[in-house]
Amino acid sequence: MLRVENLSTGYNSIRVLKQISLTVSEGEIVTLIGSNGVGKTTTLRTISGLLRPTEGSIHFCNKDISHVPPHKIVELGISHVPEGRNIFPRLSVRENLEIGAYTRKDRLEIKKDFKKVMEIFPQLAKRQKQTAGTLSGGEQQMLAIGRALMSRPRLLLLDEPSMGLAPLVVLGIFEIIKEVNRQGTTILLVEQNAQIALRTAHRGYVMETGRIILDDSAEALLQNDQVRKAYLGE
Amino acid sequence: MFVQQLINGIILGSTYALIALGYTMVYGIIELINFAHGEIYMFGAFTGMILMTRFNLPFPAALLLAMVTAALMGVTVEYVAYRPLRRSPRLAALISAIGASIFLQNLALLLWGSRPQNFPSPFKIKVYQSSFFSISQLEIIILVISFLLMVGLSFFIKNTRTGKAMRATAQDRDTASLMGININRIITITFAIGSALGAAAGVLVGIYFRTVNPMMGVMPGLKGFVAAVLGGIGSIPGAMLGGLLLGIAEVAGVAYISSQYRDAIAFAILIIVLLFKPSGLVGLPDQEKV
Ligand SMILES: Nc1ncnc2c1ncn2[C@@H]1O[C@H](COP(=O)(O)OP(=O)(O)OP(=O)(O)O)[C@@H](O)[C@H]1O
Ligand SMILES: [Mg+2]
């Protein structure tokens with residue numbers, strides 16, 4: 001479904017990604033793990049069109065999207081939940097979700113999806129009129145995921161959904177991620193919390209300073225000595 | 001006397017508010033002070049005048065066409081003077097804005113000469129009197145049109161799909177694009193609406209003072225900017241409030257202090273706001289910071 005080949009990107013003249021390649025197949029949860037500043041966010045931002053690749057290519061459903069602007073990429077079916085959620089703080093919860101469906105015209109179906117998001121996140125249902133900036137961190141993460149689902153993505157990019165959340169809230173969010181996947185959305189998950197990421201995903205890639213150094217099934221990575229030492233703190 | 005000053009202030013202030021909206025909307029989206037906005041206002045006034053005097057269009061049609069023309073002009077200015085500098089340092093865009101302003105002033109001088117031209121009022125000088133104040137039919141029309149435009153804009157921003165997209169873009173441009181919002185399109189719409197409102201103000205002031213000239217945009221442009229800062233730049237209700245307050249302050253200053261200070265009042269307010277509450281009256285505290 002998603003095929004990234006020899007992708008390089010950078011900021012100004014500093015190269016951050018050095019020829020990374022990865023694939024995500026339909027129905028999978030694939031995780032990209034690595035420590036601070038190795039380029040995980042940069043990878044997602046390049047896939048969703050916010051950054052231009054300097055080298056390499058990105059194919060989505062066999063279409064080259066390497067130079068497609070972000071608003072067109074959403075239309076193709078990729079939805080990105082950015083690091084730090086980036087909900088629109090002065091819009092209401094409801095308006096945030098409406099903006100999530102910005103690319104769609106099918107009003108009835110949008111309504112259905114709105115209801116569905118409210119069922120997935122009952123906490124949000126009670127707060128529809130509340131300004132999103134006043135939500136708690138966990139609720140903001142739920143809103144960011146709900147907002148992304150409103151575009152009916154085929155591929156969901158999640159950037160550190162666990163960031164800054166209490167362990168219990170993290171567990172809840174990851175249960176929902178699995179459920180969203182079971183209902184048919186393919187997921188590329190970026191995480192620093194390797195433990196929970198590998199327990200959630202089917203396959204994983206390990207990144208170090210702009211390169212992918214390992215890729216394997218999630219179970220195998222959980223057993224891998226290198227991964228256990230560096231990312232699981234064992 | 002007091003009620004009369006208040007009414008005069010609101011009439012003047014509603015035109016400042018219309019101008020301020022253009023500044024604040026553009027600033028909200030691209031963080032640029034569009035210094036060519038006063039010239040858009042001036043072109044709006046000229047277009048209205050020409051349509052009414054040379055083409056004999058009725059006032060509503062002339063107003064509407066002047067707004068459309070100014071919208072196209074504002075969009076062109078953005079396209080030519082600001083868009084190529086989108087990724088440059090802010091100072092570059094600001095200098096380009098001043099350049100656009102000077103260019104448009106000189107274009108008007110070239111087209112119409114420097115002498116003020118007559119803008120015949122389309123309305124009879126009918127004046128309504130009460131024991132506290134008097135108001136002319138023309139003044140009522142100016143008030144009604146300004147308020148209708150402001151209410152219309154508020155409704156548009158609050159309720160329509162594009163209005164919501166504009167608010168989202170103002171809050172977080174990158175994330176807005178991740179929602180499928182075409183940022184360039186939103187910027188174009190913002191310039192179009194802001195310029196149209198500026199042109200409406202130009203036409204209204206034109207029929208009020210019955211004269212237009214190529215330099216007429218300079219002072220109202222600056223005052224519209226002050227009104228936007230007073231209200232809190234980036235805030236739409238702020239621009240409306242700032243405009244009205246500035247108009248009232250100016251009229252009161254002229255009435256109770258001296259007419260020599262007419263223009264100084266606006267700048268005194270600017271300095272005071274910048275010193276004591278730079279975020280303005282309806283200014284947003286830094287909510288976005290996590
Ligand atoms: N806007 C930017 N301008 C310049 N350099 C940047 C920018 N954003 C990120 N970088 C640099 O690119 C590198 C990779 O950053 P990136 O955000 O992709 O890391 P990350 O793997 O997501 O880290 P984290 O886990 O901390 O979120 C870092 O060295 C960072 O300093
Ligand atoms: Mg990151």
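A, B, ... follow the sequence lines: proteins, then strands. Residue 1 opens every chain.
Heavy atoms of B:Arg173 lying under 4.5 Å from chain A are absent altogether. Contact annotation for A:Ile99: both backbone and side-chain heavy atoms come within less than 4.5 Å of a heavy atom of chain B. Looking at A:Ser48, both its backbone and its side chain come within 4.5 Å of chain B, counting heavy atoms on both sides. With a 4.5 Å cut-off on non-hydrogen atoms, A:Glu98 touches chain B through its side chain but not through its backbone.
Contact check for A:Leu171 versus A:Phe174: no side-chain heavy atoms found under the 4.5 Å cut-off. Residues B:Lys223 and B:Pro220 fail the side-chain proximity criterion, which asks for heavy atoms closer than 4.5 Å.
Between B:Tyr82 and B:Phe191, the ring-plane angle classifies as tilted under the 30° and 60° cut-offs.
The number of heavy-atom neighbours closer than 6.0 Å to CZ of B:Phe276, taken from other residues, nucleotides and ligands shown, is 12 or below.
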